Every structure is written in structure tokens, then in C-alpha cells.
Amino acid sequence: MSDQASPRGTFLRIADALKTQIESEPETTELPSLSQVMDAYGVSRGVALRAFQVLQKEGVAEPVPGARWRVVREGQSTDRRPLAERVAALIVSERLEVGAAFLSAGELSSRLGASRPTISKALTQLEAAGVLSEGGQGKRRTVRAVPNQEEDSKT
């Protein structure tokens, strides 16, 4: 049990605060982590998770396995695959070959409707998987491997 005298309803207040944050910051694509919510509001993991579940029931956010909860906005693409998979799918849809220059973080951000930091995380995952070469300031990433189309269509 929490140190609070009455934890009843605390998760609803947290959910309301997170909704206000989402509404006031249209560029937000991910919710804070559970630990950040726990620290910010002085609550247990269970209370923070209940707040996230309220947002899920209301269609404001959805869980992403192995990552932070994703903000769901009206008119947003219905593609619910992890961002790294969606970025990798662009290699196939753009018919890029090994060695071809890949899109910049800014171009990907515009096309996929995600923030640059979120795009950067996905690109880092694809670099680690050997799909893209390492990028850097002024250095364009290149395709190192073309993802299998069948794997992308299963998700």
C-alpha cells in the first residue's frame, strides 16, 4: 500500500494530467515512462500503471511491447507496428538497395508523424540490427541489408 492516506482516485488525477500534457503538446508521441510518472507523482508502479490503463481505455494511448506507451491521436495512421519496423518497411517500399542512401531523420519525422528523438531511437535499433549503416552529423545513413518483405507483412 502507498504512503498516501487515500490513494483512491489518484490514478484518475494522473491520467487527467497526462491527457492535458498530450493535448497541450501535439508533438508528443510517447508517454513518460512508468518510473518517471512514479517519481513525478510519488506513487507506486501499480497506481502509475492504472493511470496508463485509463488512457488506453479512452483511446488516448496504447502499450508498445519493449518501449514506452504510444500516444494515439485522431486521424493518426492506423499502422500500429513498432516504429523501427515501419522505418525498415520504407526500405522495401522505396525499393532501396544495399548501399543506397537512406532518408534523414527529418524526412522520416515528416513522413511518419513521429518526433526526431523517437525516429533517432528507431534508427539506432536498425543500425544495431545491421539494416542501416551508422549515421552522424552530416553523414547520411545507407542501407546495409534489405528487410524480408514477408516478415514485414506478418505484423
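Since the model is a prediction, treat every value here as computed from it, not as a measurement.
What you find for Leu96 and Val146 is that their closest heavy atoms are O-CG2, 3.6 Å. When every heavy atom of Ala48 is checked against every heavy atom of Met38, the shortest pair comes out as CB-CG, 3.9 Å. When all heavy atoms of Val131 and Pro147 are compared, the closest pair comes out as CG1-CG, 4.3 Å.
One finds the CG atom of Leu103 at 5.5 Å from the CZ atom of Arg111 (value rounded to the nearest 0.5 Å). In this structure, Ile14 CD1 and Leu49 CG are separated by 11.0 Å, a value rounded to the nearest 0.5 Å. Atoms CD and OG, from Glu27 and Ser109 in turn, are 10.5 Å apart once rounded to the nearest 0.5 Å. Note that CZ of Arg70 is 4.5 Å distant from CD of Glu62, once rounded to the nearest 0.5 Å. Atom OG1 of residue Thr29 and atom CG of residue Leu83 lie 8.0 Å apart, to the nearest 0.5 angstrom. Taking CZ of Arg144 as the start and CD of Glu127 as the end, the distance is 9.0 Å to the nearest 0.5 Å.
For the pair Leu123 and Leu108, the minimum side-chain heavy-atom distance is below 4.5 Å.
Using a 4.0 Å cut-off between a side-chain N of Lys or Arg and a carboxylate O of Asp or Glu, Glu107 and Arg140 qualify as a salt bridge.
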| request: Determine, stepwise, if the pair Phe102 / Leu126 fulfils side chain to side chain contact (heavy atoms under 4.5 Å, CB included). | output: CA-CA 12 Å; Phe102 194 62; Leu126 293 173; 5.6 Å; no
| Stepwise side chain to side chain contact (heavy atoms under 4.5 Å, CB included) check, Leu34 with Trp69 | CA-CA 9 Å; Leu34 277 175; Trp69 283 59; 5.5 Å; no
| task | Under the side chain to side chain contact (heavy atoms under 4.5 Å, CB included) rule, what do Glu30 and Thr118 come out as? Steps first, then yes or no, please. | result | CA-CA 8 Å; Glu30 295 179 332; Thr118 304; 4.0 Å; yes
| Given Thr10 and Tyr41, is the side chain to side chain contact (heavy atoms under 4.5 Å, CB included) satisfied, shown in steps? | CA-CA 9 Å; Thr10 302; Tyr41 295 95; 5.9 Å; no
| Candidate pair Asp16 and Arg13, rule salt bridge (charged side-chain N to carboxylate O under 4.0 Å, His left out), full reasoning | CA-CA 5 Å; Asp16 287 342; Arg13 288 193 297 275; over 6 Å; no
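Between the side chain of Ser133 and the backbone N or O of Thr142, at least one donor-acceptor pair lies under 3.5 Å. Under a 3.5 Å cut-off, the side chain of Glu58 and the backbone N or O of Leu55 do not form any donor-acceptor pair. Ser24 contributes a side-chain N or O that, together with a main-chain N or O of Thr20, makes up a donor-acceptor pair within less than 3.5 Å.
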